[in-house]
Number of protein chains: 2
Amino acid sequence: MRIASTEIYDDFQRKLITGFFRPGSKLKPSSLQGAYGCSANTVRDVLLRLSRVGLVEFEMQRGFRAREASPQRRSDIARFRILLEQTGAALSIENGDLEWEVKLSAAHHKLVHVERQMDRSERSQEEVEVWSDAEREFHETLISRCDSPVLRETYANIYVQFRQQIVFQERNFEGDFYKVIIREHQSIVDAALARNTEACKQAIYDHVKRNL
Amino acid sequence: MRIASTEIYDDFQRKLITGFFRPGSKLKPSSLQGAYGCSANTVRDVLLRLSRVGLVEFEMQRGFRAREASPQRRSDIARFRILLEQTGAALSIENGDLEWEVKLSAAHHKLVHVERQMDRSERSQEEVEVWSDAEREFHETLISRCDSPVLRETYANIYVQFRQQIVFQERNFEGDFYKVIIREHQSIVDAALARNTEACKQAIYDHVKRNL
DNA sequence: AAACAATAAAATTTCAAAATTTTCAAAATT
DNA sequence: AATTTTGAAAATTTTGAAATTTTATTGTTT
């Protein structure tokens, strides 16, 4: 059989981020096993790996749970995300060379393209995931020249936890949501490419502050 | 049989932080199993959980390694630790009440006591661990009123990774090392209790900067 | 009715072995 | 001589079931 757990891992991650597994709900290897045609232990293995990212909570002898979601936790994560992204962006502005500018500009271009589409048509589950990937790619590129593996690693984890928290925020996709988002991303990329650290920090704050 | 993996987990963590498992070295469940009288799968389980803390590196189909150590990585972690601790301390200074002051002062008192002993006598492996625990307790109390679970959780992980990095820094225990450390901790606690945010940030930086 | 104890059911952890994949060294090919 | 292929050994992943622990249920006592 093919490397089962990679696929199971990806599927679980998706279901956690999209809220298919409700925050706080119990994840029982013995129950989930059947749906994937693998043993309970393989599920356990996958869940242990997901707890590394912070999407799953693990307590010895108590099993696994999808990470709890609450306004407090969302706000906490948002605050932390701002700290990491501001720091990473400031360092990237300092260290980044032409290659960084090119990559950032490319990631932004792609993101805008996706967001314009989102603004026009209805959003299917799949399209939202495409957007989510492009968004992550943009933000990770922004901080990519902070030259701190540990900051980038932490940011990656926080980003997915952030997604997990905001998925049940219903008010997301109303009216001109994407128009606003497009402007916010534009502000960030403009400040970054202009090497204006303070403006970039402010733009990052403005982008995330609705989740505080 | 007793909950094996808790003890194995603690033992592994200790061996990783104290450098018994050399940074970068392969950790093979099949080999380690024998020494603990458990199955390879239990070792795997423990190692997956340790990879959550960042002490162990895991790559699918490639197994486990003690996290790599290098001057670059040490510096990176030190930098990140400063960011987290400065942020956490600043927030604690803002939010902390009398109870926080009491706890911080108590943790500092205990730490000084241990450090004075260390300065007098020779340092056994066990004594260093007692000191290390007291030090962690002090720094975690310092940031304990940042009111950000995610910051505290990240700090806890970074702290142990920091220990893992500096264990092979031989020049540690020479001469008046502990005298210097005592002064540094004093500066931190003084600034914190005086609610002097900027001085506290500076003291944190001065305390960690030798590892940059 | 509330608190406690005993028991049954469910879930988690652990094991030992089978299946799969990677690694490494020797042989074959370019 | 360098690269590629091959095959055996080693390591990792997965399994299915046994051992252990937690949780839920029922019955008993205060």
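Every chain is numbered from 1, with letters handed out A, B, ... down the list of sequences.
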Nucleotide nearest B:Thr42 when distance is taken to its side chain, options D:dT14, C:dT14, D:dT21: C:dT14

Rounding to a whole Å, what distance do you find between A:Phe64:CZ and C:dA11:P? 14 Å

Give the rounded distance in Å between these two atoms: CD of B:Gln61 and C1' of C:dA19. 12 Å

Under 4.0 Å from OP1 or OP2 of D:dT12: is there any side-chain N or O of B:Lys26 that close? yes

Round to the nearest Å and state the distance from B:Lys28 atom NZ to D:dT12 atom P. 7 Å

Taken to the nearest whole Å, CZ/B:Phe58 to C1'/D:dT12 is 9 Å

Would the base of D:dT15 count as contacting B:Asn41 through its side chain, where contact means a donor and an acceptor less than 3.5 Å apart? yes

Rounded to the nearest 0.5 Å, how far apart are CD of B:Glu137 and CG of B:Leu104? 10.5 Å

Parallel, tilted or perpendicular for A:Phe138 and A:His108, by the 30°/60° rule? tilted

Euclidean distance, atom CD of residue A:Gln33 to atom P of C:dT12 [Å, nearest integer]: 12 Å

B:Leu48 CG to C:dT14 C1', straight-line distance once rounded to whole Å: 15 Å

Hey, what's the ring geometry for A:Trp131 with A:Phe177, parallel, tilted or perpendicular (30° and 60° as the breaks)? perpendicular

Tell me the partner of C:dA26, counting only Watson-Crick (N1-N3 plus N6-O4 or O6-N4) or G-U wobble (N1-O2 and O6-N3) with both under 3.5 Å; none if nothing fits. D:dT5

Looking at A:Asp45 and D:dT14, is any side-chain donor or acceptor paired with a base atom of the opposite kind under 3.5 Å? no

Which is true for A:Tyr36 with a 4.0 Å heavy-atom rule: it touches a base, it touches only sugar-phosphate, or it touches nothing? nothing

Scan every strand shown for a Watson-Crick or G-U wobble partner of D:dA24, both distances under 3.5 Å, and answer none if you come up empty. C:dT7

Would you check if the distance from the ring center of B:Tyr36 to the ring center of B:Phe12 is below 6.0 Å? yes

Nearest whole angstrom, please: distance from the P of D:dT14 to the CD1 of A:Ile8. 7 Å

Side-chain donor or acceptor of A:Ser51 paired with backbone N/O of A:Val56 under 3.5 Å: no

Below the 4.0 Å mark, does D:dA10 have OP1 or OP2 next to a side-chain nitrogen or oxygen of B:Ser30? no

Check the distance between C:dA10's P and A:Leu32's CG and give it to me in whole angstrom. 17 Å

Is A:Arg62 near enough to D:dT23 that one of its side-chain N or O atoms lies under 4.0 angstrom from OP1 or OP2? yes

